[in-house]
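See structure below.
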There are 2 protein chains.
Amino acid sequence: MELGVKTMEWRDGRLYILDQRLLPTDIQFIECTDYKMVFEAIRTLAVRGAPAIGVAAAYGMVLSAGEALSAKGGDFHRKLEEAGDYLASSRPTAVNLFWAIDRMKRLADVRKGSKPEELYDLLLCEAQKIEEEDVAMCRTIGEWGQSLLPEECVLLTHCNAGSLATAGYGTALGVIYSAVSAGKKVRVFVDETRPLMQGSRLTAWELMQSEVHTTIICDNMAGHVLREKGVDAVIVGADRIAKNGDVANKVGTYGLAVLADYHQVPFYVAAPTSTIDFSIVRGEDIPIEERDSSEITEGMGKRTAPFACEVYNPAFDVTPARLVSAIITERGIHRPPYEKSLREGEGG
Amino acid sequence: MELGVKTMEWRDGRLYILDQRLLPTDIQFIECTDYKMVFEAIRTLAVRGAPAIGVAAAYGMVLSAGEALSAKGGDFHRKLEEAGDYLASSRPTAVNLFWAIDRMKRLADVRKGSKPEELYDLLLCEAQKIEEEDVAMCRTIGEWGQSLLPEECVLLTHCNAGSLATAGYGTALGVIYSAVSAGKKVRVFVDETRPLMQGSRLTAWELMQSEVHTTIICDNMAGHVLREKGVDAVIVGADRIAKNGDVANKVGTYGLAVLADYHQVPFYVAAPTSTIDFSIVRGEDIPIEERDSSEITEGMGKRTAPFACEVYNPAFDVTPARLVSAIITERGIHRPPYEKSLREGEGG
């Protein structure tokens, strides 16, 4: 059994991105030849998920370096800087995007003396390192996380924090894949995750590829399922984690955390440390993206609301740290108080 | 300003039912000439909402009486009995359906000696009485309910407990219409209500018809809205209320009640007393309808889940009485303990 799915691939100087908007009915790749195409892929959610858009943006920086190389005249470094700013403006909430771009920029700064051709190779190498590290981190997160689960378990997840949200393997779903690999018997309820259905379109799809017992529900059924179906844990990913452990993630996560708390079910967040933003003290300070109303009113091919009706469409919400039982990173299992445990090396 | 919308109409011996499956984009009526057409309209949700299906079923009984009249031979009363059993099998959860059918059957029993032609007229008169009573009850519920709301208020509702769910005016939305009529400044957040979007398709539509300030959200945004938007009360309808005050209503109601409780926002249920089933001691004993998985996986014109994926689609859930701040019926405002207050005349 192959666990997980490939989200993107660098080949012959181009970035091939699996177009997640078309899943689960079509499998098509977007061939990105310049960094503006990567920007578009991120903005339109062809690629999404905090770690995945970090990796995509890193490759976007490589493409921009290639463009700067072949352009006649102009400042190579200034062009790289501009491309970084542009890519960073694609989406506001997930911090991995800014983290990856900064890491690429820092490398270019440190190696300012190198020839552009040499710098291109170094940047490509760094992007590949970010990608490889991401997969490795997911595997470690998976191992730490699965240690929290009983031999037989029923889990509930929201949105997609899987292979498709990372360079491969996944964070929340990485924990599930690791549990399955360890021989545990896992059943997963998947919130479909309105408005864009990342749960039913993406999570259910990749779990089924990996032959995990999967049941799709509507988001509003989570309370009923938590009460009736013996759920052992809720496990989700994160788009940005504040210093105090408050978690920004796909809208609906907060409500799910309240429900888990009410039913005394552990609520776990799985994310690489690159998702932690130590410059943000509390969740209230995390910028929350609002997206177009048409995602809600006609997102699935059919108009489902009156014309001209007001719509509120926040893409994320913030779950306060007090509702989070543990944050699982590649460094270990972090328990409250997070201010302290997130700073430390291994949580254990 | 006209408050509310007409759901069905009896005219020239036929029942015209507004086809709610086509709203908000098309306004079409189904012309029911026999009781089996009424059964189909209820089963396929062309007409839905506990009080509305009660009224529709009552008219279905009138149509069956007409059919029994024109049929040659056979027992008029036996045919009526059969039609009642058949109509009662259309949907399992809303008790108003059985209540209305029983009321029609009882009348036929009491007037067993009457000539069939006379009985037909009596049955028609009874169905019209059920319809008129329903509208009157909604208006009284509205008045009681609006007394609970401040002069300016932000409300959150789920599914459709409006004109479209009743013979007119509505229960939860009746409270809103009454508040508006009383000059109160009301803003309403409407859960879209997956899978069939009764919130965005029906509630938003009828509130806009009545010029109420309406904002559609996805169901999973309710937690975020409760925390961020100063919601003063959550108000919903009911499909069946147990003797102890446990409430079966559209799936998602339970989760919303937990969220309201967590945010210390009052959670009100508005329903006519015909929704109370004193034969059911606790919510666990209310039968919960499970509907077809295709409602979730391809309900809006586009496949949004992998083929062959397991789906769980309960149409209702049960909210325990301890999460319900008050039940508003035409008799008044009932407060816990409901075992006592639901039995009494006026709650006050």
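Order of the sequence lines sets the chain letters (A, B, ...), proteins ahead of strands, with each chain counted from 1.
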For this session: Grab the two heavy atoms, one from L22(A) and one from R201(A), that are nearest each other, plus how far apart they are.
Result: N-NH1, 4.3 Å
Exercise. For S163(B) and L173(B), what are the C-alpha separation, side-chain angles and deciding distance, and is it a side chain to side chain contact (heavy atoms under 4.5 Å, CB included)?
Worked result: CA-CA 7 Å; S163(B) 308; L173(B) 298 195; over 6 Å; no
Problem set entry | Stepwise side chain to side chain donor-acceptor pair (under 3.5 Å) test for R21(B) and T44(B) | CA-CA 8 Å; R21(B) 295 167 302 180; T44(B) 60; 3.2 Å; yes
For this session: Heavy-atom distances under 4.5 Å only: say whether M208(B) touches chain A with side chain, backbone, both or neither.
Result: side chain
Exercise. Highest number of heavy-atom pairs under 4.5 Å with chain B: which of P195(A), P24(A), G223(A)?
Worked result: P24(A)
Exercise. Checking heavy atoms, do the side chain of D191(B), its backbone, both or neither come under 4.5 Å from chain A?
Worked result: neither
Problem set entry | Stepwise side chain to side chain contact (heavy atoms under 4.5 Å, CB included) check, L149(B) with V175(B) | CA-CA 9 Å; L149(B) 303 179; V175(B) 172; 4.0 Å; yes
Exercise. Among M221(B), R303(B), E298(B), H158(B), which residue forms the greatest number of heavy-atom pairs with chain A at distances under 4.5 Å?
Worked result: M221(B)
For this session: Taking T203(B) for its side chain and C159(B) for its backbone only, find out whether a donor-acceptor pair lies under 3.5 Å.
Result: yes
Exercise. Are any non-hydrogen side-chain atoms of W205(A) and Q209(A) less than 4.5 angstrom apart?
Worked result: yes
For this session: Go through E192(B), K302(B), R194(B) and name the one with the most non-hydrogen pairs under 4.5 angstrom from chain A.
Result: R194(B)
Problem set entry | chain A contact via P306(B) - which portion, at a heavy-atom distance below 4.5 Å | both
Problem set entry | residues 226-235 of chain A: residues contacting chain B (heavy atom under 4.5 Å, by number) | R227(A), K229(A)
Problem set entry | Derivation and outcome, side chain to side chain contact (heavy atoms under 4.5 Å, CB included), residues V180(B) and V212(B) | CA-CA 8 Å; V180(B) 169; V212(B) 180; 4.2 Å; yes
Problem set entry | Contacting region of A204(B) [heavy-atom separation from chain A under 4.5 Å] | both
For this session: Tell me the residues of residues 316-325 of chain A whose non-hydrogen atoms fall below 4.5 Å from those of chain B, in number order.
Result: F316(A), D317(A), V318(A), P320(A), R322(A), L323(A)
Exercise. Hey, do the aromatic rings of Y262(B) and Y262(A) have their centres closer than 6.0 Å?
Worked result: no
Exercise. Which members of residues 284-295 of chain A, sorted by number, sit under 4.5 angstrom from chain B on a heavy-atom basis?
Worked result: none
Exercise. Do the side chains of T297(A) and C309(A) get nearer than 4.5 Å, heavy atoms only?
Worked result: no
Exercise. Quick one: are L207(A) and V190(A) in side-chain contact, heavy atoms under 4.5 Å?
Worked result: yes
Exercise. Can you check whether L164(B) reaches R48(B) side chain to side chain, under 4.5 Å on heavy atoms?
Worked result: yes
Exercise. Do you know the tightest heavy-atom contact between A172(B) and T157(B)?
Worked result: CB-OG1, 4.4 Å
For this session: Sort out for me which of A222(B), A308(B), G199(B), P314(B) touches chain A most, counting heavy-atom pairs under 4.5 Å.
Result: P314(B)
Problem set entry | N160(B) and Q20(B): CA distance, side-chain angles, deciding distance, side chain to side chain donor-acceptor pair (under 3.5 Å) verdict | CA-CA 11 Å; N160(B) 176 269; Q20(B) 301 190 28; over 6 Å; no
Exercise. Is there a donor-acceptor pair under 3.5 Å between the side chain of D26(A) and the backbone N or O of Q28(A)?
Worked result: no
Exercise. Does anything in residues 249-260 of chain A get under 4.5 Å of chain B by heavy atoms, and if so which residues?
Worked result: V251(A), G252(A), Y254(A), G255(A), V258(A), L259(A)
Problem set entry | Pairs of heavy atoms under 4.5 Å with chain A: top-ranked of I217(B), V311(B), T304(B) | T304(B)
Exercise. Do NZ/NE/NH1/NH2 and the carboxylate oxygens of R187(A) and E310(B) come within less than 4.0 Å?
Worked result: yes
Exercise. Using non-hydrogen atoms only, which part of T25(A) is less than 4.5 Å away from chain B: side chain, backbone, both, or neither?
Worked result: side chain
Exercise. Can you check whether M197(B) reaches L202(B) side chain to side chain, under 4.5 Å on heavy atoms?
Worked result: no
Exercise. Considering only heavy atoms, which portion of D219(A) lies under 4.5 Å from any heavy atom of chain B: side chain, backbone, both, or neither?
Worked result: side chain
Problem set entry | Heavy-atom pair with the smallest gap, counting every atom of T166(A) and A52(A) | N-CB, 3.6 Å
